[in-house]
Amino acid sequence: MPGSTVTPSSPHWEAQLSFEELGRPLRDVTFCVVDLETTGGSARDGDRITEIGAVKVRGGEVLGEFQTLVNPDTSIPAFIAVLTGITNRMVADAPRIGTALPAFLEFAAGTVLVAHNARFDVGFLKHFAGVHDLAWPDFEVLDTVKLARHVVTRDEAPNHKLSSLATLFRAQTTPNHRALADARATVDVLHGLMERLGGLGVDTLEELQAYSSRVAPAARRKRHLADGLPNAPGVYLFRDEGERVLYVGTSKDLRRRVRTYFTASEKRTRIGEMVQLAAAVTGIECATALEAEVRELRLIAEHKPPYNRRSRFPEKVTWLKLTKEPWPRLTLVKRVLDDEADYIGPFSSRARAEEALAALHEVFPVRQCTGRLPLRPSRSPCVLAELDRCLAPCDGSVDVQTYAAVIRQLRDTLQRRPDDVVEQIDARMRTLAGQERFEEAAQHRDRLAALLRATARTQRLSALTRCAEVVATRREDDGRWSVHVVRFGRLAGAGVIPSGADAVAYVDGLRASSETVLRTPGPTPAASAEESERVLRWLEKPGIRLVDVVGEWSCPVAGSARFATLLTKVGP
């Protein structure tokens, strides 16, 4: 894209990428393997923690251990005491959970929590953190039970219990229902699982978390296709042996995302089929996430990949048009022309456009016949005229001034204030509902929703696309300042201000190198509606700083967006 002057592959860029985006090698990850003993199986039902044991490991080396009994402030059931060996006398002088839990959280800070059946152990810990108003850290969690189900077959072990897996992987510690011993055994199980998966190319935490045995061996063998891709945001394209583009997607980290297609379970049948056909994957680095989204849309529209479901045919849309002629009328068209007419849309389907058209015809008695009428027509009236649903300019029943007044009201509804339509159709729905004619009421509701969505969309898009240029910047979640140049609704340039650079000079340079965009007619003249809407979503984010606006960027105060709550209730 013209104007993308930042080179994402530069050392400076690499320094700004987070560990998560780069993919964290398992050897560098610090794990905290934890196990609990409790008085029962449910914290919500009143059961308490009686012991916490944990082992901190990295790269196969034990960094530290944590163990404490916990006074549960309740009697330990006899069968639990027999199972764990923990008695009421043993915990009588132990710290309570309000003291023990903060100590554990300090020990585990900055690690990835690991547990055998993590839902149980982590669930207890989070529950009591809430009880004692302790902030729960944003731990990543790895469950060795779930992982073992993908790695260990029934031929190797009768089940996936900790004792069975400890035997299989020859753990140095035998689990005995005491927290620290079970945590030590879980460490050996974790290392055994990681050793197996290492032979399959799983060497990062992200790949370990996403691993599934349901990945076909043929697909797993193709993971080398991701090796040449950078650890940078952008767009990726899967191609077959004939170089045909099969699928287009985006990611914050091209290499890591593409690799998951070959190492993680894919539930979408069509994508699994696509991976089987793939012979190569190419990547396009992008300066910002918005640039990646826009490139994806443009590439999908250009190549029409068979395995992308959305955005393949942006040209296949329908517009509602209020014609510019002596006796204007509403019609549905496929293209926007430079004819000074008013256009609403685009609609993704003709059916939605027809619903919006019906809503307008219900309120405004404009002619529905096709073709142009002369200034003084002399035709026979149609059935709609006899039903008082048309002003009937065809037989001279209405003069030009009266008809023009109705058209002005109609245009005002489309461009600025839809209240007349909303009030009349809402009254009609209430009447029908009162008569228990609910299906008819729902039909009117859907028509109104289709119209309001279309007019709200048009008003928002028009506000942006009539601006010759909008330049905006924002401090993104990763701390970088992104800059975008938008011209007539089209993304013309994107970049990231380098650390220590002169921001004004950088923005000036980006504007000078951005794509030249010429004004064309219609609410979305220079780009697809989907692209302009992606740009709008970014511009409407909190923290946006407008550098410059060439033109007037404004929406009508009384526009259709006021009825967003109504549209939410109606549904998509």
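Ion pairing between E296 and R310 fails under the 4.0 Å rule for side-chain N and carboxylate O. Electrostatic pairing of R24 and E140 counts as a salt bridge here, judged by a charged N lying under 4.0 Å from a carboxylate O. Between D143 and R119 there is no salt bridge, since no side-chain N of the basic residue sits under 4.0 Å from a carboxylate O of the acidic one. Checked for salt-bridge contact, E293 and R534 meet the test: a charged N lies under 4.0 Å from a carboxylate O. Salt-bridge check for E439 with R437: failed, with every basic side-chain N at 4.0 Å or more from each acidic carboxylate O. The residues E156 and R196 are annotated as salt-bridged, a charged nitrogen and a carboxylate oxygen being separated by less than 4.0 angstrom. Between R178 and E37, no side-chain nitrogen of the basic residue sits less than 4.0 Å from a carboxylate oxygen of the acidic one, so the salt-bridge criterion is not met.
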Exercise for the section: List the steps, then state whether side-chain contact (heavy atoms from CB on, under 4.5 Å) holds for V34 with F104. Expected result: CA-CA 10 Å; V34 63; F104 167 75; 3.8 Å; yes
Exercise for the section: Kindly determine whether I76 and T87 satisfy side-chain contact (heavy atoms from CB on, under 4.5 Å), including the steps that lead there. Expected result: CA-CA 7 Å; I76 299 174; T87 64; 5.9 Å; no
Problem - Verdict with supporting geometry, D47 and S42, side-chain hydrogen bond (donor to acceptor under 3.5 Å, both in side chains) - result: CA-CA 6 Å; D47 293 315; S42 174; 5.2 Å; no
Problem - Intermediate values then yes/no, side-chain hydrogen bond (donor to acceptor under 3.5 Å, both in side chains), R257 and T260 - result: CA-CA 5 Å; R257 176 65 183 101; T260 63; 2.5 Å; yes
Exercise for the section: Before giving the answer on side-chain contact (heavy atoms from CB on, under 4.5 Å), spell out for V70 and I52 the whole-Å C-alpha distance, their side-chain angles and the decisive distance to 0.1 Å. Expected result: CA-CA 7 Å; V70 179; I52 303 174; 4.3 Å; yes
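Distance check, rounded to the nearest 0.5 Å: CD of Q67 to CZ of R184 gives 9.0 Å. Taking OG of S482 as the reference point, atom CH2 of W538 lies at 4.5 Å (rounded to 0.5 Å). Atom-to-atom distance recorded for S75:OG and I80:CD1 is 11.5 Å, nearest 0.5 angstrom. Between the CG atom in L229 and the CG atom in L254 there is a gap of 6.0 Å [rounded to 0.5 Å]. How far OG of S311 is from CD1 of I300: 5.0 Å, rounded to the nearest 0.5 Å. We find the NE2-CD1 distance between H177 and I86 to be 11.0 Å, quoted to the nearest 0.5 Å.
Checked against the 6.0 Å centroid criterion, the rings of F238 and Y307 do not qualify as a close aromatic pair.
F128 and F124 have parallel rings, their planes meeting at less than 30° on a 0 to 90° scale where 60° marks the start of perpendicular.
A donor-acceptor contact shorter than 3.5 Å is absent between the side chain of K222 and the backbone of A279. The main-chain N or O of A179 is found under 3.5 Å from a side-chain atom of E51 such that the two form a donor-acceptor pair.
Side-chain contact, T30 with R58: a donor N or O sits under 3.5 Å from an acceptor N or O.
Around CD of Q435, the count of heavy atoms belonging to other residues, nucleotides or ligands within 6.0 Å exceeds 12. With a 6.0 Å radius and a threshold of 12 heavy atoms from other residues, nucleotides or ligands, E540 has its CD atom above the threshold. Remark: K126 NZ is loosely packed, at most 12 non-hydrogen atoms of other residues, nucleotides or ligands lying under 6.0 Å away.
Evaluated for a side-chain contact (heavy atoms from CB on, under 4.5 Å) with T186, the options V145, L162, D121 yield exactly one hit, L162.
When all heavy atoms of L165 and H116 are compared, the closest pair comes out as CD1-CE1, 3.3 Å.
Within the 4.5 Å cutoff, side-chain heavy atoms of T39 are placed close to those of P77. Side-chain atoms of V535 and H484, non-hydrogen and from C-beta on, never get closer than 4.5 Å to each other. A heavy-atom distance below 4.5 Å is found between the side chains of R457 and E533. Side-chain contact between L491 and E531 is present, with heavy atoms from C-beta onward closer than 4.5 Å. With contacts defined as side-chain heavy-atom distances shorter than 4.5 Å, the pair F139/T111 qualifies. Residues H191 and E195 have side chains not in contact (no heavy-atom distance under 4.5 Å, counting atoms from C-beta outward). Taking 4.5 Å as the limit, some side-chain heavy atom of F169 sits within range of a side-chain heavy atom of L193. Looking at heavy atoms from C-beta onward, T282 lies out of side-chain contact with Y236 at the 4.5 angstrom threshold.
Remark: K56 is positioned above the aromatic ring of F107, its terminal NZ or CZ atom under 6.0 angstrom from the ring centre and at most 45 degrees off the axis.
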